[in-house]
Asker: 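Input: one structure, supplied below.
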Amino acid sequence: MAALAWGAATDPGRIRQENEDAFVAEPMVFAVADGMGGHQAGEVASALAASTLRDRLSNGATSLDVVVAAVVEANAAIFQTAHTNAAQRGMGTTLTAVAVLPPLDGRPEQLAVVNVGDSRVYLVRGDELTRATVDHSYVQELLATGHITEAEARAHPRRNIVTRALGIEPTVRVDAWLMPVVRGDRYVLCSDGLVDEVDDEKIHAIIRSHPEAQSCADALVTAAVESGGRDNVTVIVVDVVDGIDPAEIAGIPADASDDDTVSLTRTTVISDEPPPTLEQPVIASKHQPTKVQQQLGRQMTLKTFLIALGVAIVAMLVIVFVAAALTDGDDDAPAPSTTVTETTVPETTVTETSEPDTTTTTVRPTTTTSAPTSTSPAGATTSVP
Ligand code: CA
């Protein structure tokens, strides 16, 4: 059993009446979920994520796959609930978690870190604070591509748009990492209510001045509320009391990258679980907007795509028939009756030429929708001329 000490704190903040964050803080699993969706639906989504992880992982996980499977199951549960209850349609949640993998078949004890969305796990090792997870957010994409700075990201008007969340699609991609259990390591899980109010430098200073886990969690939440408290804020602090000597993992780079998105032993796991329902397949699945869905326009569903394709083919056929009739009319004006047999010849060329045309008109909006920088893909609803 891992020798861990932990503390957790949450606060609705100064603006919001309700708290849509949920968390799990149990001996073998720690998680923060930040719900989104109107009329308390966000609370339902985050609570479902938390309860699924509690149910599946409270006795520890046998492998990283088991932890990822629990996240995938939570996604399916939220998606299913959202699609059977009109009031909860469109609800979703972020989920970030640390789970204990007990020793198994000679394998040492390990920690699994998983993430979907823009809640975070920080790792403090020695005197270094690093981010153990990478945000799935619009501003993170702008940051990663050099369009904005870290300071601009924290003040960006669209900083709360996430590009991945649980409950939005039938399947979900989960980032997952395996970490060694290192004595003295401190993991800090938090919702964006902390990071939007308190920068990394101040977070690190508070962590350093609070050696006890619960007082550290309390102090971080208090700092977020006192700095504005514009959002719900949740923090879990997990201290590794006993584990391998930090010197033993000295060879593992703790801060290998220059953009603060550190990956220690990163394995991005792409879930290939069969979707629980196929009601609403989404073509552009990589960047599904959630929090400000209406701003980003509607995703094009397969149904819309097929209808557009059908309409385009029919329109194309009509145009070519008319064109063929006109040219025939010009060429053989005195004998219109013979054109009936002649039109059967150009008809075969119609189907050949129409295919590439319809493909380009319908596919282009789909790729535009998935581009991270496009904020209003209004053309996604491809009205065929
Ligand atoms: Ca939030």
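Each residue takes its place number in the sequence, starting with 1. In listed order, ligands and their atoms are each counted from 1.
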Asker: Assess Asp196: does it contribute an N, O or S atom lying under 3.0 Å from the Ca ion (ligand 1)?
Answerer: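 For Asp196, the answer is no, given that no N, O or S atom comes within less than 3.0 Å of the Ca ion (ligand 1).
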Asker: Taking only Lys NZ, Arg NE, NH1 and NH2, and the carboxylate oxygens of Asp or Glu, determine whether Arg164 and Asp175 approach each other closer than 4.0 Å.
Answerer: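 Yes, this pair counts.
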Asker: To make sure I understand the geometry: which N, O or S atom in Asp192 is closest to the Ca ion (ligand 1)?
Answerer: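 Looking only at N, O and S atoms of Asp192, the one nearest the Ca ion (ligand 1) is named OD1.
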Asker: If you look at Asp34, which of its N/O/S atoms is nearest to the Ca ion (ligand 1)?
Answerer: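 When I compare the N, O and S atoms of Asp34, OD2 is nearest to the Ca ion (ligand 1).
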Asker: Side chains of Asn19 and Thr10: is there a donor and an acceptor less than 3.5 Å apart?
Answerer: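 Per modelled atom types, Asn19 and Thr10 side chains form a pair under 3.5 Å.
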Asker: Between the side chains of Thr96 and Ser119, is a donor N or O closer than 3.5 angstrom to an acceptor N or O?
Answerer: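 Per modelled atom types, Thr96 and Ser119 side chains form no pair under 3.5 Å.
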Asker: Between the Ca ion (ligand 1) and Asp231, is there an N, O or S atom separated by less than 3.0 Å?
Answerer: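 A backbone or side-chain N, O or S atom of Asp231 is under 3.0 Å from the Ca ion (ligand 1).
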Asker: Taking all non-hydrogen atoms of both residues, which atom of Asp21 and which atom of Thr234 are closest, and how far apart?
Answerer: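 Smallest interatomic distance, heavy atoms only, reads OD2-OG1, 2.8 Å.
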Asker: Is the Ca ion (ligand 1) under 3.0 Å from any N, O or S atom of Asp21?
Answerer: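 Under 3.0 Å: Asp21 has no N, O or S contact with the Ca ion (ligand 1).
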Asker: Got a salt bridge between Arg230 and Asp196, using NZ or NE/NH1/NH2 to carboxylate O under 4.0 Å?
Answerer: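 Looking at Arg230 and Asp196, the cut-off is not met.
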